[in-house]
Amino acid sequence: MIVDKTYDIIVVGAGHAGCEAAAAAATMGAKTLLVTMNLQTLGQMSCNPAMGGIAKGQIIREIDALGGLSGIISDKSAIQFRMLNRSKGPAMWSPRVQSDRVLFSTYWRQELESISNLDFYQEMVVGLLVKKNKMIGIKTILDIEIKSKAVILTNGTFLNGLIHIGQQQFGGGRAGEKAAKGLTAVLNELGFENGRMKTGTPPRVDGRSLDYQKMEEQQGDNNPSKFSFLPCTSALTQQKSCHITYTDQTVHDELEKGFSQSPMFNGSIKSIGPRYCPSIEDKIHRFRDKTRHQLFIEPEGWQTVEVYVNGFSTSLPQEVQRAALRKVKGFESVKFFRPGYAIEYDYFPPTQLNHTLETKLIQNLYFAGQINGTTGYEEAAAQGLMAGINATLKIKEQEPLILRRDQAYIGVLIDDLILKGTKEPYRMFTSRAEYRTLLRQDNADLRLTGIGHHIGLASDERMQLTESKEKKSKQVIDFLNKTSFDIDVANEILTKKGDPTLHQSDKYTKLLSRPNIQGSDLMNINQIELFCLLNNINQEMFQQAEIQIKYGGYIEKEKNNAKKFQSLEKHKIPQSIDYTLFSSLSNEAKEKLSAIRPQTLAQASRISGVNPTDISVLMVHLAK
């Protein structure tokens, strides 16, 4: 046997979900095997070379706070950092990095190989070993059986993957890699339902053939931050610029010439693609009133001329892609590295899972990532992390970790998937979170590091840093609440900001509560500068205090709303309940409740099609 015969946990697939799942399980003490078809593409960025963004950046910081690795990897491989939505309130601030694609994969492998009880094996998994509806291992294409206590499937776009370029079709999980065959049929035989989804990717081009003078330059932040809360990574001191250009009507006309050969329009592709990341041909077809569409020109790394054309995802024939792209400003002489393509793949509706990401049909079998119908590296990584955590906790016979919607975007993501399902690739947005003032990127460590430390994933160092940040932020708040400002110093700041001046002194909290006054305006005042120096308070701690002061009212309101809703979480619903016997329930409610089988009234209330009257009926029944 070329690998050990038995493991605690086997993770199938080494994309973002698989890497986080394997790292979490092994770090928490489970003997773990990571099986993938190609170890050379471990942690591969299959689509855009970037991490984070709106809501996704919050997820990466949450993964980091819990003790996951995506934040550290993103920092180490970053070539540009931007904090998005700075003009809005802190609940909307979202960190994002452009990444070096090669370094990202390299650092993932280095981090995983440093975990002592994590093994690796390169082969295709084609079967699952099940005994009495419980996972006991996997079977590979070479007919090797490997036993385990739990299995986590993170197959990405590889399950029966089919690539489309114009009228050409060929099997593949992504460009240059074969599809995974056999596993869907095995899961179907076990009783799982599957569907088909579609995603796409744009052309990669030679940056030397582009005229950047005709484009808008998009630089990184002047004072860049980073993802990880740990000091083992540092902010960028050098950054690469991205660029922006636009399509126009001549580009659209050129693309339309190929619509008859487009697999999207000729019936070759029957599955649904991501609503929020449509192909360029879909944009033109659906938004005919738009005369142009924005394209982001993103470098693939420090040491390469390869460029990712974000916003030009397409499955049109190669010659149509090339002709149309050459009409874009700056792309007149463009040379292709490879064309864009669409890919269809199998997924399994996530309503077949529990909130732990364990399947309802088979014990100790977990699904994470695009197999659950999501899109995006960040969503996949978050699911992988939670599957790895919960699989490990279960084999240790410990309580599962289920994050609430008021605790994390990760909680919102998983709750949405389990209770609502998805008929199109799911993507996280800030608007999906009803408690987004609580779920900010700046306080992910304060929300989650204690949880990560308790389960044995977040290190002692993380916990100490979090406790110090919380303590010192409170010190700042106390100081600003008690200390009065010098009227002349305050008015000098207000005059520079164009704010009305004051006639008498007051506490610093009053000054900081003004919308135009930032914490950075106060940190240069001698009195505050000395306080920070003597108490070893950094900018991050001061900013945390600033947010608590400025938005304290909104934060408390959301906390109170969350507490009221948590009362419904205490009402457990017996899993043996027969909803068809309830004459007062709507037919849709009976159908949805029977299929999803929520565990609490709160979960039931979030199911699409279950209305407040249905919840009242259930509440009366449970009271009896």
Side-chain angles (χ1 to χ4, degrees), residues 20 24 28 55-68 70-71 90-94 227 229 353-357 368 374 378-379 381-390 393 398-420 426 428-458 462-463 466-467 469-470 473 544 547-548 551-552 554-572 598-603 605-606:
E20 285 288 3
M28 291 172 67
K56 292 167 174 280
Q58 283 88 329
I59 288 177
I60 295 296
R61 296 215 97 191
E62 290 177 352
I63 291 170
D64 184 75
L66 284 165
S70 288
M92 304 299 288
W93 296 354
S94 302
F227 274 117
F229 293 99
L353 305 176
N354 295 310
H355 275 73
T356 58
L357 297 182
T374 60
E378 302 82 2
E379 290 90 341
Q383 292 170 71
L385 179 75
M386 297 307 294
I389 288 171
N390 280 311
L393 291 174
Q398 296 177 10
E399 286 296 309
L401 175 59
I402 299 172
L403 297 173
R404 301 190 310 270
R405 295 180 71 92
D406 63 307
Q407 282 183 305
Y409 271 93
I410 296 173
V412 176
L413 165 67
I414 293 175
D415 192 64
D416 279 356
L417 292 173
I418 305 311
L419 299 181
K420 299 176 182 177
Y426 178 99
M428 179 54 72
F429 290 100
T430 50
S431 58
R432 296 191 190 273
E434 60 270 42
Y435 304 114
R436 53 187 172 272
T437 304
L438 303 180
L439 308 182
R440 307 182 310 276
Q441 57 84 31
D442 61 88
N443 71 347
D445 53 343
L446 303 180
R447 291 184 277 120
L448 300 173
T449 295
I451 295 171
H453 185 258
H454 176 73
I455 62 174
L457 184 57
R462 278 190 185 278
M463 196 65 239
T466 301
E467 288 171 345
K469 175 180 172 179
E470 187 170 27
S473 295
Q544 186 61 221
I547 291 170
Q548 294 290 335
Y551 300 93
Y554 299 103
I555 291 169
E556 283 306 310
K557 184 178 179 180
E558 281 200 359
K559 282 182 178 178
N560 290 333
N561 289 340
K563 283 178 183 176
K564 290 176 185 176
F565 204 78
Q566 281 174 33
S567 63
L568 289 179
E569 294 285 3
K570 297 176 183 176
H571 293 276
K572 302 293 182 183
Q599 296 181 335
T600 67
L601 274 182
Q603 290 180 10
S605 70
R606 295 193 292 271

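Note that the numbering runs from 1 along the sequence shown for the chain.
Remark: the backbone N or O of Arg440 is paired with a side-chain donor or acceptor of Asn443 at under 3.5 angstrom. Here the side chain of Glu379 pairs no donor or acceptor atom with the backbone of Thr374 at under 3.5 angstrom. Judged by distance alone, with hydrogens and angles left aside, the side-chain atoms of Gln603 form a donor-acceptor pair with the main-chain N or O of Gln599 at under 3.5 Å. Formation of a donor-acceptor pair under 3.5 Å by the Ser94 side chain with backbone atoms of Met92 is found in this model. Counting only distance, with no hydrogens or angles, the side chain of Arg61 and the backbone of Gln58 share no donor-acceptor pair below 3.5 Å. Panel note: side chain Thr466, backbone Leu446; no donor-acceptor pair is recorded below 3.5 Å. For Asp415 (side chain) and Gly411 (main-chain N/O), no donor-acceptor pair under 3.5 Å exists by modelled atom type.
Note that the CD atom of Gln407 and the CG atom of Leu448 stand 7.0 Å from one another [nearest 0.5 Å]. Note that CD of Gln441 is 12.5 Å distant from OG1 of Thr430, once rounded to the nearest 0.5 Å. In this structure, the separation between CD1 on Ile414 and CD1 on Ile410 is 7.0 Å, given to the nearest 0.5 Å. Atoms CD1 and CG, from Ile418 and Asn354 in turn, are 7.5 Å apart once rounded to the nearest 0.5 Å. Of the inter-residue distances, the one linking Thr600 atom OG1 with Ile402 atom CD1 reads 9.5 Å to the nearest 0.5 angstrom. Taken to the nearest 0.5 Å, the CD1 atom of Ile389 stands 6.0 Å off from the CE atom of Met28.
Pairing each heavy atom of Ala433 with each of Val412, the nearest pair is CB-CG2, 4.1 Å. When all heavy atoms are compared, the tightest approach of Ile59 to Ala382 is CG2-CB, 3.8 Å. Between Ala444 and Ala65, the shortest heavy-atom distance links the atoms O-CB, 3.4 Å.
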With side-chain contact (heavy atoms from CB on, under 4.5 Å) as the criterion, how do Lys420 and Tyr426 come out once you've worked through the C-alpha distance, each side chain's angles and the decisive distance to 0.1 Å? CA-CA 11 Å; Lys420 299 176 182 177; Tyr426 178 99; over 6 Å; no
Evaluate the side-chain contact (heavy atoms from CB on, under 4.5 Å) criterion for residues Ile63 and Glu20: first the C-alpha distance (whole Å), next the side-chain angles of each, then the deciding distance (0.1 Å), finally the verdict. CA-CA 9 Å; Ile63 291 170; Glu20 285 288 3; 3.4 Å; yes
Applying side-chain contact (heavy atoms from CB on, under 4.5 Å) to Thr356 and Leu393, what does each step give before you reach the verdict? CA-CA 10 Å; Thr356 58; Leu393 291 174; over 6 Å; no
From CA spacing to verdict: side chain to side chain donor-acceptor pair (under 3.5 Å), Asn561, Glu434: CA-CA 10 Å; Asn561 289 340; Glu434 60 270 42; over 6 Å; no
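Residues Leu419 and His355 have side chains in contact (heavy-atom distance under 4.5 Å, counting atoms from C-beta outward). Within the 4.5 Å cutoff, the side chain of Leu457 has no heavy atoms near those of the Ile451 side chain. Using a 4.5 Å heavy-atom threshold, the side chains of Leu403 and Met386 count as touching. Considering only heavy atoms from C-beta on, Arg436 comes within 4.5 Å of Tyr409 through its side chain.
Electrostatic pairing of Arg405 and Asp416 counts as a salt bridge here, judged by a charged N lying under 4.0 Å from a carboxylate O. A salt bridge does not link Arg404 to Glu569: none of the charged side-chain nitrogens sits closer than 4.0 Å to a carboxylate oxygen. Salt-bridge annotation for Asp445 and Lys469: present, with a side-chain N of the basic residue lying under 4.0 Å from a carboxylate O of the acidic one. With respect to the salt-bridge test (charged N to carboxylate O, under 4.0 angstrom), the residues Arg462 and Asp64 qualify.
With a 6.0 Å radius and a threshold of 12 heavy atoms from other residues, nucleotides or ligands, Phe429 has its CZ atom above the threshold.
Side-chain contact, Asp442 with Gln544: a donor N or O sits under 3.5 Å from an acceptor N or O. Residues Ser70 and Glu378 have side chains that never bring a donor and an acceptor to within less than 3.5 angstrom of each other.
Of the options Leu401, Asn390, Leu66, a side chain to side chain contact (heavy atoms under 4.5 Å, CB included) to Leu385 is made by Leu66 and by none of the others.
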